[in-house]
Amino acid sequence: MQAYIRTGMPSGKQEVIKLMKSFLGNKIAIFVFVFPMLFLFSIFVIFPIIPSITISLQDNNGFTSRGYVGLANYLDILKDNDFWHSNFNNIKIILMELFVGLPVSFILALLLDAQLPGIKRFFKMSSFMPAVLSVTVISQMWIGIYEPQWGLLNSLLKAVGLGSLTREWLSDESTALVSVAVAFLWQFIGFNMLLFYTGLKSIPKTYYEASLIDGANYLQSTIKITIPLLQEITKFLLLISILGSMAQFAHVRIMTGGGPGGASTTVVYYLYNQAFTASDFGKGSAISVLFVIECLIITFIINQTVAKEKIQY
Amino acid sequence: MKKPVRILSVVLVFSILILFTACGNSANSTKSGNTASTASTVAQKDTSVEQSAEKKEPVKLKILVMSGDESRKAIADKFEANLAKDLPDFTVEVERGGGTDDYNNKLKTYNAVGELPDVFWANTVPNTAPLIKAGMVLDLTPYVTKDGFLDKYSPKPEPWTDGKYYVMNAGSDEYFVPRLFYRKSIFDQYKVAVPKTFDEFMAAAKTFKSNGVVPLATFAKDGWGFATYLFQNMVMSDNPQVIKDLISNKTDFSNQVCIDAVNRIQKMANAGVFQPGLLTGEYGVSSDLFIQKKAAMYGMFTWAAPALAADADVDFMPFPQINPQIDREKLIQIWGGPLNGYASSAKSKNVDAAVKLLEYVVNTEGLYWNVDQKTPTTYSTGTKFEGLPALMQKHLDNYAAADKVITLINYAFSAKMNTEFNTLGQKVLSGKYSGEEFAKDIAPTWADSLKELNQ
């Protein structure tokens with residue numbers, strides 16, 4: 001009872017914390033716990049990069065290697081308009097994620113936070129469902145929505161008198177990529193919303209009470225308190241969203257096959273196309289190496305620029 | 001406190017090591033593990049135990065087959081259903097490799113780890129020629145000539161460029177011809193005569209479209225329809241020699257006949273000749289449009305004919321004429337080409353048994369086409385074709401009457417050229433890409449392809 005009064009927690013809990021502190025101070029123990037993950041990561045992530053680098057220096061058709069060609073594959077790619085086009089498509093998807101996907105998720109999280117408990121429970125559960133559904137199911141659903149003759153989108157446009165806007169969304173060069181990106185964003189908006197919502201719940205209510213006393217309105221407290229204090233979550237979401245957008249493959253493969261005429265090809269789809277369809281594993285591996293470098297650079301930039309210092313009020 | 005932690009650390013490390021050791025396995029046990037885990041393993045009937053004084057172990061073989069479409073699935077079903085009964089001395093594992101892309105990837109993986117199946121489907125020149133060059137494919141010539149298997153073909157298949165046979169098939173591909181199927185009732189309803197020229201074809205399409213009927217349904221996802229028959233037939237209707245000249249490198253895609261052919265397809269796309277969603281629709285969507293009488297015409301190879309033959313409303317027409325001197329009744333394109341069929345691994349531990357299995361599957365596939373699909377094959381199963389549906393009979397009569405048969409041009413392409421041809425074909429079918437642009441963009445890949453295949 002005495003301990004509880006002094007520290008605000010039961011003495012049993014203190015014992016546990018003490019034990020954990022001593023345990024976590026032991027480097028060997030940490031290594032032992034981390035070792036299985038590091039081992040598997042090395043085997044399945046780090047190790048496959050090594051043969052990829054080797055193959056990227058070869059003229060390799062997937063069946064046989066016809067010898068080393070130095071950096072020829074890399075030079076070919078850097079001169080390849082299709083590679084830059086697929087990078088440009090990746091940038092478009094990332095921009096959509098940054099300026100549409102994440103803001104919408106954030107707004108939805110704010111709306112969810114203001115709901116009654118029952119409604120919250122329902123939306124927390126249902127908004128997560130698309131993220132756990134198979135990409136194939138999601139893609140087929142969106143193919144149905146975009147279907148030019150009887151699809152939901154064109155039917156809706158016709159119903160509200162906007163028939164002139166109807167088009168073959170996935171077969172039109174100007175809309176194919178955006179259409180695929182929308183399906184991708186939609187799938188993860190609920191997931192992102194929940195992460196934002198979790199962040200909102202971790203902000204102490206006292207900050208909002210103080211701001212209310214100071215006369216701040218909802219918008220001001222959102223801008224001055226909520227957004228800054230969500231920086232850790234935002235950083236994490238930026239990382240997974242940008243890297244997820246860059247690695248976009250399955251939706252493209254199922255919905256458009258990269259078409260029409262390469263209009264919706266992303267870097268990873270282009271990599272797949274070069275390696276597995278055009279049987280140029282040398283070039284495909286070189287693209288994969290460049291892709292890894294791109295991802296590392298982006299991760300570095302985000303780590304260096306976002307949430308570098310912890311904000312405390 | 002430190003002591004229990006150390007003990008715990010040691011225990012954990014050993015646990016992990018034991019765990020990984022348990023996950024691993026020797027090469028032999030992995031192989032048998034794979035065999036057991038595959039659901040499609042065909043067990044051998046143990047009927048000869050009593051007759052045989054010394055028990056003979058069945059020969060274990062593996063076959064990798066394509067299984068992307070209904071026909072390939074049905075053929076794989078037949079293997080699984082009959083292998084144990086028909087080849088009692090073998091235990092054969094039948095692995096379904098999926099559709100083209102999945103299959104090719106699987107084959108590449110098997111080759112990369114040095115475990116090509118005893119028998120596998122060799123899937124076109126770009127995927128098979130490198131394997132032959134690497135010495136991975138068994139030369140079947142001494143086997144199929146000695147046991148008389150080759151004599152069962154009429155006409156005999158062409159050997160590969162080195163004069164050897166590496167691949168044997170039932171020869172159904174030789175009879176698969178792209179046709180323009182049409183519905184007589186729809187043509188009658190809108191009083192449209194069967195078009196003979198390209199201009200008549202476009203006029204007919206305009207009539208159908210204005211009446212809410214899809215003029216021509218076809219499959220073109222990933223550029224398939226463009227690459228497999230539309231381009232080639234547009235060229236053939238103008239000057240078939242150009243296709244032969246392309247294959248023999250006497251001309252290239254900047255040939256005006258090629259440019260005009262692409263421009264005609266672009267014109268078709270812009271005029272709404274094809275169904276909406278052409279570039280993303282699945283195979284079944286296009287056939288359903290025709291079966292459900294929502295499309296007046298259906299562009300497809302004759303492997304679709306057996307399913308359509310029961311409908312007396314369906315007929316087919318020759319491809320529209322462009323050059324009046326070309327008789328499209330007597331000029332056809334076929335699907336068949338070199339290095340398409342069953343091959344055996346040169347590294348098989350039971351080469352003789354593998355060849356026996358190969359010949360068995362060719363025969364079984366022949367029976368599937370001859371008996372189940374009433375489609376002839378160049379390999380003879382002894383089946384007589386009597387009482388064929390009118391559509392099938394017309395196809396065979398037309399085939400027999402053709403004096404010029406040109407194989408699919410894609411067999412002269414490298415894998416990269418094939419991909420580029422399909423991708424640019426998609427652009428053409430989108431209606432925003434001309435023949436001139438096509439000729440310019442395809443040129444470097446075509447040059448690389450010729451260089452690669454000449455090597």
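Lettering of chains follows the sequences in order, A, B, ..., and the numbering in each one begins at 1.
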Need one label for A:Phe281: side chain, backbone, both or neither, based on atoms under 4.5 Å from any heavy atom in chain B. side chain
Counting only pairs under 3.5 Å, give me each side-chain donor-acceptor contact of residues 34-42 of chain A, with atom names and distances, residues two or more places apart or in other chains.
| unit_1 | atom_1 | unit_2 | atom_2 | d |
| --- | --- | --- | --- | --- |
| A:Ser42 | OG | A:Leu38 | O | 2.7 |

Against chain A, label B:Asn422 side chain, backbone, both or neither, depending on which of its atoms sit under 4.5 Å from a heavy atom there. neither
Just grab all the salt bridge (Lys or Arg N to Asp or Glu O under 4.0 Å) pairs involving residues 75-92 of chain A, residues at least two apart or on different chains. A:Asp80-A:Lys283
If one checks every heavy atom of A:Ala275 against chain B at 4.5 Å, the contacting part turns out to be backbone
What pair of heavy atoms forms the shortest contact from A:Gly262 to B:Thr423, and how long is it? N-CG2, 3.9 Å
Suppose a student defines contact as a heavy atom less than 4.5 Å from any heavy atom of chain A. Which residues in residues 270-284 of chain B would they list? B:Pro276, B:Gly277, B:Leu278, B:Leu279, B:Thr280
Backbone N/O of A:Pro260 and side chain of B:Gln426: donor-acceptor pair under 3.5 Å: no
Provide the closest heavy-atom pair for B:Asn127 versus A:Ser279 in the form atom of the first, atom of the second, distance. OD1-OG, 4.2 Å
Is B:Asn418 in contact with chain A via its backbone, its side chain, both, or neither, using a 4.5 Å heavy-atom distance? neither
Shortest non-hydrogen contact between A:Phe63 and B:Pro126, atoms and distance: CE1-O, 4.4 Å
Do A:Tyr272 and B:Asn105 come close enough that some side-chain heavy atom pair is under 4.5 Å? yes
Member of A:Asn61, A:Thr277, A:Asp280, A:Asn273 meeting the side-chain hydrogen bond (donor to acceptor under 3.5 Å, both in side chains) criterion with B:Lys416: A:Asp280
Do you know which of A:Met255, A:Gln149, A:Gln274 has the most heavy-atom pairs under 4.5 Å to chain B? A:Gln149
Can you name the residues of residues 428-441 of chain B that have some heavy atom under 4.5 Å away from a heavy atom in chain A? B:Ser430, B:Lys432
Given a strict heavy-atom distance threshold of 4.5 Å, which part of B:Asn111 is in contact with chain A: side chain, backbone, both, or neither? side chain
If one checks every heavy atom of A:Ile30 against chain B at 4.5 Å, the contacting part turns out to be neither
